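What you are looking at is a predicted structure, and each value in this text was computed from that prediction instead of being measured. In this chain, residues are counted from 1 in sequence order.
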Amino acid sequence: MAIVDNGIYVDGVRTENPASLAETFELMHARGGMGWIGLYRPSEEEVRQVAAEFGLHELAVEDALTGHQRSKLERYGDTLFLVLRPARYLDDVEEVEFGELHVFVGPTFVVTIRHAESPSLGRVRHRLENDPALLARGPEAVLYAILDEVVDEYAPVVAGLENDIDEIEAQLFVAESDLTQRIYELSREVIGFQRATQPLREMLEALLRGSEKYAVDGELQRYLRDVLDHTIRVIDRSATFRTVLDNALTVESTIVARRQNDEMRRMTEESIRQGEEVKKISSWAAIFFAPTIVAGVYGMNFDAMPELHWVFGYPMAIGLMVGGAFVLYLVFKRKGWL
């Protein structure tokens, strides 16, 4: 069963605990009061059953069934439909997890449809049930408490993101660190967080603008303004995170480019050094090759070689070897190879 909690409230006090949707509708008609139905990943049949009983608009129902909606506030007659994107920070993986919450608020009912673990609506219900004076103000009080809980749960997310950004800043100038992927992933989380929080400001301002028209209690208006103030602070912090990460990515790109340039310069210097060594080796090989040719020729011992029986043949061969090697040495020395 998708019903997480279900109650009927009269003057801020819980009077009934219906076991089913059908019993909820029956008791509401028989005894009046406000019905507050909490659903968690309900089936299409359950959503349409609630929609038919409370006359929910078909477009809002389709959004609730489809899911993956952006944060928004829409009014259909005397019913408000809100899509909220709660978030929570997962310490073990250092990531932000986003949920989705649909809220229908009518003159005598509140229906919440959760698609994730966050926010803790049980905590909201417990808070209101311990404050009958606030709960007695009607469905708008429940809406205020839900918005307040969603915004309050953003605080640990802000703290987690801030800690991650501090870690990145501390590692920016650490040798051999590669933060490009981490900065990009964190930027995507901040963008997602901004998409979840930024529409809340317009939504709360719209609720406050319509307070007089729809006779919203003055005390609830003050509470909503407090939630708006907290929301603005969260939005401003997320904007700061985005700026810091953009700057960090620029710095990281500069550092990576500098490292690549240093590596290219080192490789070029190494290549030049190796080239110089090859020149030296090649020069000495050529110098020693010249005497080897002469020795090879006179080492063939052919009878018809006239120098074999010449008294100056040996000195001439030695002279050729030494002279050839010396000439090659001078040539390579002048070219700077030695």
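Taking the six-membered ring where the residue is Trp, Trp36 and Tyr9 present tilted rings, their angle falling between 30° and 60°. The aromatic rings of Phe81 and His102 lie perpendicular to each other, with more than 60° between the two planes, well past the 30° mark.
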So Asn163 and Tyr89, side chain to side chain donor-acceptor pair (under 3.5 Å) or not? Walk me through it.
CA-CA 11 Å; Asn163 183 66; Tyr89 186 80; 5.4 Å; no

Pair Arg48, Glu58 - check side chain to side chain contact (heavy atoms under 4.5 Å, CB included), show working.
CA-CA 9 Å; Arg48 294 199 178 278; Glu58 182 64 24; 3.3 Å; yes

Report the C-alpha distance between Arg225 and Glu205 in whole Å, list the side-chain angles of each, state the deciding distance to 0.1 Å, and finish with yes or no for salt bridge (charged side-chain N to carboxylate O under 4.0 Å, His left out).
CA-CA 8 Å; Arg225 278 192 289 270; Glu205 289 173 345; over 6 Å; no

What pairs of donor and acceptor atoms, side-chain ones from residues 106-114 against any protein atom, are under 3.5 angstrom apart with sequence neighbours left out?
residue	atom	partner	partner atom	Å
Arg114	NH1	Ala116	O	3.0
Arg114	NH1	Glu117	O	3.1

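Environment of CD in Glu45: sparse, with no more than 12 heavy atoms of neighbouring residues, nucleotides or ligands closer than 6.0 Å. The environment of CG in Asp229 is crowded: more than 12 heavy-atom neighbours from other residues, nucleotides or ligands sit within 6.0 Å. In Arg127, the CZ atom is crowded: over 12 heavy atoms of neighbouring residues, nucleotides or ligands sit closer than 6.0 Å. Atom CD of Glu202 sits in a sparse spot, with 12 or fewer heavy atoms from other residues, nucleotides or ligands closer than 6.0 Å.
Put simply, the side chain of Asp217 does not reach to within 4.5 Å of the side chain of Glu140, judged on heavy atoms.
Using modelled atom types, no side-chain atom of Ser271 and backbone atom of Met267 make a donor-acceptor pair closer than 3.5 Å. The backbone N or O of Ile235 sits nowhere less than 3.5 Å from a side-chain atom of Thr197 that would complete a donor-acceptor pair.
Side-chain atoms of His29 and Glu53 include a donor-acceptor pair closer than 3.5 Å.
At a threshold of 4.0 Å, the pair Arg222-Glu219 counts as salt-bridged, since one of the basic side-chain nitrogens sits closer than that to a carboxylate oxygen.
When the side chains of ILVMFWY residues are joined at heavy-atom separations under 4.5 Å, either directly or via intervening members, Ile191 and Leu179 end up in two distinct hydrophobic clusters.
Annotation: salt bridge (charged side-chain N to carboxylate O under 4.0 Å, His left out) contacts of Glu270 (sequence neighbours excluded): Arg273. The salt bridge (charged side-chain N to carboxylate O under 4.0 Å, His left out) test applied to Glu162 returns Arg237, not counting sequence neighbours. With sequence neighbours excluded, the residues satisfying salt bridge (charged side-chain N to carboxylate O under 4.0 Å, His left out) with Glu129 are Arg14. Considering only residues two or more places apart in sequence or on other chains, Arg123 meets the salt bridge (charged side-chain N to carboxylate O under 4.0 Å, His left out) condition with Glu149, Glu153.
Atoms CD1 and CG, on Ile146 and Leu82 in that order, are 8.5 Å from each other to the nearest 0.5 Å.
The salt bridge (Lys or Arg N to Asp or Glu O under 4.0 Å) contacts involving residues 94-108 comprise Arg88-Glu97, Glu94-Arg182, where partners must be two or more places apart or lie in separate chains.
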